[in-house]
Amino acid sequence: MLRLPDGETISYRFVQDEGESARPTALQILRDLADGRIEDAALLSNAPRRRYETLRDYEQSVGPQEFKRVYGQYFFPENRVVAEIALGPRRAVIWDLGEAGHHLAAQYFVEVEGRFLVDDVPSKERAALQKVVQDYRRQNEKRATSPARKD
């Protein structure tokens, strides 16, 4: 549970069961993007047109090779999923991008009719999940910068 400064609490849990995980969808989207298949990746969104336009614009701004490189880096051995957080039907898959100095990146999903889609529709619930991810990042930064304990 996360308690916010305004007194609001957000109840969440860490996903342990693969059957409840959005990770397979996260990996499929990243594979599609690393291969330049923007249309396929966009179809795995709850707002596919918006997702397609955003991805296409990004590809046009950096070029096709850089686009593929950016998404392909998720498959580097030093990059890995470190947590998956659930808040109702929503999930945040959190990656430790080790090659980028242990930057934590998150992908957001929502379960719709038994399958996970990228959650591209703003909502109160998605905003709450983003707050939980921010707190996870803060906690992780504290651990990373704390001196080792001597017992």
Side-chain angles (χ1 to χ4, degrees), residues 1-4 10-48 50-112 114-146 148:
M1 181 169 8
L2 171 63
R3 186 172 306 279
L4 301 174
I10 302 172
S11 295
Y12 65 91
R13 65 184 175 82
F14 287 93
V15 175
Q16 304 297 324
D17 182 353
E18 283 186 35
E20 298 179 4
S21 178
R23 187 174 178 176
T25 303
L27 292 169
Q28 182 60 55
I29 289 168
L30 292 168
R31 271 192 292 283
D32 287 343
L33 295 173
D35 290 339
R37 295 189 308 266
I38 294 172
E39 298 86 3
D40 293 344
L43 290 173
L44 294 173
S45 167
N46 62 353
R50 181 183 325 158
R51 173 58 55 169
Y52 173 78
E53 290 169 357
T54 300
L55 291 168
R56 183 200 61 213
D57 291 348
Y58 178 61
E59 182 190 45
Q60 288 175 350
S61 73
V62 299
Q65 295 303 22
E66 177 65 5
F67 181 89
K68 292 176 186 178
R69 186 200 67 76
V70 166
Y71 291 104
Q73 71 187 347
Y74 282 83
F75 297 101
F76 292 174
E78 60 271 22
N79 298 331
R80 60 189 169 73
V81 172
V82 292
E84 183 173 347
I85 298 171
L87 195 147
R90 288 180 163 69
R91 302 288 187 273
V93 176
I94 302 175
W95 291 79
D96 180 347
L97 301 179
E99 100 305 325
H102 295 288
H103 167 74
L104 295 180
Q107 294 172 283
Y108 295 91
F109 298 90
V110 62
E111 188 173 13
V112 177
R115 69 182 198 142
F116 286 101
L117 300 173
V118 174
D119 192 3
D120 282 323
V121 177
S123 68
K124 179 181 175 184
E125 295 82 9
R126 188 180 78 174
L129 186 55
Q130 288 170 320
K131 290 176 185 176
V132 173
V133 169
Q134 289 170 352
D135 185 66
Y136 182 89
R137 285 180 176 134
R138 273 193 299 276
Q139 295 300 321
N140 196 289
E141 287 173 9
K142 285 180 187 176
R143 277 186 234 116
T145 59
S146 296

So how far is it from Tyr108 OH to Gln130 CD, rounded to the nearest 0.5 Å?
5.0 Å

Could you tell me which non-hydrogen atom of Arg126 sits nearest to which non-hydrogen atom of Pro122, and how far apart they are?
NH2-CA, 3.7 Å

Indicate yes or no for a side-chain donor-acceptor contact from Gln73 to the backbone of Val70 under 3.5 Å, with no hydrogens or angles considered.
yes

To the nearest 0.5 Å, tell me how far Tyr71 OH sits from Arg37 CZ.
14.5 Å

Could you report the tightest heavy-atom contact between Ser45 and Pro48, atom names first, then the distance?
O-CD, 3.5 Å

Would you check, one step at a time, whether the test side-chain contact (heavy atoms from CB on, under 4.5 Å) holds for Val62 with Phe67?
CA-CA 6 Å; Val62 299; Phe67 181 89; 4.1 Å; yes

Which residues pass the side-chain contact (heavy atoms from CB on, under 4.5 Å) test with Ala42, not counting sequence neighbours?
Arg51, Tyr52

Would a 4.5 Å heavy-atom cut-off, applied to side chains only, mark Tyr58 and Leu33 as touching?
no

Quick one: do Leu87 and Ile85 satisfy side-chain contact (heavy atoms from CB on, under 4.5 Å)? Show the steps, please.
CA-CA 7 Å; Leu87 195 147; Ile85 298 171; 5.7 Å; no

Mind listing the side-chain donor-acceptor pairs of residues 10-18 below 3.5 Å, one per line with the distance, residues two or more places apart or on another chain?
residue	atom	partner	partner atom	Å
Arg13	NH1	Glu20	OE1	3.0
Arg13	NH2	Glu20	OE1	2.9
Asp17	OD1	Gly19	N	2.8

Value rounded to 0.5 Å, distance of CD1 in Ile38 from CG in Leu43:
12.0 Å

Between Asn46 (side chain only) and Asp120 (backbone N and O only), is there a donor and an acceptor less than 3.5 Å apart?
yes

Output for pair (Asp32 CG, Leu44 CG), nearest 0.5 Å, gives 6.5 Å

Can any side-chain N or O of Arg137 pair as donor or acceptor with the backbone N or O of Leu104 at less than 3.5 Å?
yes

What do the steps show when you test Val93 against Phe116 for side-chain contact (heavy atoms from CB on, under 4.5 Å), and what is the final call?
CA-CA 12 Å; Val93 176; Phe116 286 101; over 6 Å; no

Taking all non-hydrogen atoms of both residues into account, name the closest pair between Ala92 and Leu129 and its distance.
N-CD2, 3.8 Å

Let me see the working for Arg31 and Phe75 under side-chain contact (heavy atoms from CB on, under 4.5 Å), right down to the final yes or no.
CA-CA 9 Å; Arg31 271 192 292 283; Phe75 297 101; 3.6 Å; yes

For the backbone of Arg91 and the side chain of Glu84, can you confirm whether one donor and one acceptor N or O come within less than 3.5 Å of each other?
no

Apply salt bridge (charged side-chain N to carboxylate O under 4.0 Å, His left out) to Glu59 and Arg56, showing your working.
CA-CA 5 Å; Glu59 182 190 45; Arg56 183 200 61 213; over 6 Å; no

Count the heavy atoms of every other residue, nucleotide or ligand shown that sit under 6.0 Å from CZ of Arg115, and state whether that count exceeds 12.
no

Are any side-chain N or O atoms of Arg90 and backbone N or O atoms of Glu125, one a donor and one an acceptor, separated by less than 3.5 Å?
no

Is Asp119 close to Phe109 at the side-chain level, that is, under 4.5 Å between some pair of heavy atoms?
no

Looking at Glu53 and Arg50, is any side-chain nitrogen of the basic one under 4.0 Å from a carboxylate oxygen of the acidic one?
no

